[in-house]
Protein chains: 2
Amino acid sequence: MFKDLDPILHSQLRLAVMSLLIGVKEAEFTFLREQTNSTAGNLSVQIQKLKDAGYIDVIKQFKDNYPQTICKITKQGIKAFEEYVTSLQSYLGKNGK
Amino acid sequence: MFKDLDPILHSQLRLAVMSLLIGVKEAEFTFLREQTNSTAGNLSVQIQKLKDAGYIDVIKQFKDNYPQTICKITKQGIKAFEEYVTSLQSYLGKNGK
DNA sequence: TAAATTTGGTTTATAAAATAAACTACTTTA
DNA sequence: TAAAGTAGTTTATTTTATAAACCAAATTTA
């Protein structure tokens with residue numbers, strides 16, 4: 001009846017990051033921090049978890065002398081996100097079918 | 001951009017309970033446990049939290065010699081659930097608008 | 001040019017949440 | 001009357017989320 005919700009995605013911040021990455025396919029750490037209104041520490045931890053899950057790729061490089069972290073959603077990440085959205089439907093209908 | 005998700009509702013089990021109660025308006029503890037496939041202990045804790053938040057009313061009585069716990073969603077609970085669903089939309093669109 | 005500040009993070013510590021295990025209290029059945 | 005079942009609650013443990021502290025390099029400013 002109720003489908004299990006992927007615990008990796010059932011987190012406000014991680015879900016927001018995935019939602020952004022689904023749209024843009026690639027984003028900087030600072031962009032994600034601004035858009036999600038999160039702290040760097042929290043974002044750093046959550047990005048690591050998404051990476052560990054295989055949902056995003058993280059590329060660390062330098063840009064204009066500063067370190068730069070780029071995130072991209074993976075195929076697996078897209079699939080997981082879509083499944084999460086589908087699962088969520090079972091909770092959101094006005095009737096409990 | 002991303003609306004905050006009510007932490008009381010952003011929990012798989014509590015959301016499932018609310019989803020059921022929105023449909024039926026009243027349900028027994030055991031019914032909720034069966035439908036959500038949860039343990040009694042976990043369900044007991046989560047029902048208490050929904051009650052503390054004012055999202056459900058809990059009526060304890062006896063039926064056929066056994067204790068019986070009945071849950072009903074409140075107006076406040078319905079409102080919170082609807083707001084949660086609305087907020088969630090901002091995370092689910094394919095674009096990050 | 002040395003000290004303070006900023007950028008872009010990571011690591012560690014703490015608080016909160018979810019879950020499982022153990023327990024309570026009573027009833028039914030063998 | 002002993003064992004098993006019903007309907008939960010309480011306590012303990014694990015997992016998450018978050019905040020605070022820290023790090024290294026670059027930049028600004030005094």
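All chains are named by letter (A, B, ...) in the order of the sequence lines, taking the proteins before the strands, and each is independently numbered beginning at 1.
One finds the CD1 atom of Ile73(A) at 9.0 Å from the OG atom of Ser19(A) (value rounded to the nearest 0.5 Å). In this structure, Glu26(A) CD and Phe31(A) CZ are separated by 11.5 Å, a value rounded to the nearest 0.5 Å. Annotation: the span from Gln46(B) atom CD to Thr36(B) atom OG1 amounts to 10.0 Å, rounded to 0.5 Å. From His10(B), atom NE2 reaches atom CG of Leu15(A) across 6.5 Å, with rounding to the nearest 0.5 Å.
The side chain of Ala40(A) lies closest to dG9(C) when the candidates are dT10(D), dG9(C), dT27(C). Closest contact between the side chain of Phe29(B) and the listed nucleotides dT9(D), dT19(C), dA18(C) involves dT9(D). Set against dT11(C), dA18(C), dG8(C), the side chain of Val45(A) has dT11(C) as its closest nucleotide. Out of dA17(C), dG8(C), dA17(D), the shortest distance to the side chain of Lys49(A) is found at dA17(D).
OP1 or OP2 of dT28(C) sits under 4.0 Å from a side-chain N or O of Asn65(B). For dT9(D), one of the phosphate oxygens OP1 or OP2 lies less than 4.0 angstrom from a side-chain nitrogen or oxygen of Lys60(B). A sub-4.0 Å separation between OP1 or OP2 of dT10(C) and a side-chain N or O of Ser44(A) is present. The side chain of Thr69(B) places an N or O atom within less than 4.0 Å of a non-bridging phosphate oxygen (OP1 or OP2) of dG8(D). Considering only side-chain N and O atoms, Thr30(B) lies nowhere under 4.0 angstrom from the phosphate OP1 or OP2 of dA7(D). Applying the 4.0 Å criterion to OP1 and OP2 of dA17(C), one finds that Arg14(B) has every side-chain N and O outside that range.
For Arg33(A) and dA19(D), the CZ to P distance is 14 Å, given to the nearest whole Å. The separation between Asp64(B) atom CG and dT27(C) atom C1' is 12 Å, rounded to whole Å. Note: CG (Asn42(A)) to C1' (dA16(C)) measures 13 Å, nearest angstrom. Computed from coordinates, the Asp6(A) CG to dT16(D) C1' distance equals 14 Å when rounded to whole Å. Distance Leu43(A) CG to dA19(D) P: 13 Å, rounded to the nearest Å. In this structure, Lys51(A) places its NZ atom 9 Å from P of dT10(C), rounding to the nearest Å. Nucleotide dA18(C) holds its P atom 14 Å from the CD atom of Gln48(B), rounded to whole Å. One can place CG of Leu5(B) at 12 Å from P of dA17(D), the figure rounded to the nearest angstrom.
Across all strands, Ser38(B) comes closer than 4.0 Å to no nucleic acid atom at all (heavy-atom distances). Using a 4.0 Å heavy-atom cutoff across all strands shown, Gln68(A) reaches sugar-phosphate atoms only and no base atom.
Mapping Pro7(A) and Tyr66(A) onto DNA chain D by nearest heavy atom places Pro7(A) at the nucleotide closer to the 5' end.
In plain terms, the two heavy atoms of Gln12(A) and Lys3(B) that are nearest each other are NE2-O, 4.3 Å.
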Evaluation steps, side chain to side chain donor-acceptor pair (under 3.5 Å), between Asp6(A) and Tyr55(A): CA-CA 12 Å; Asp6(A) 183 342; Tyr55(A) 291 178; 2.5 Å; yes

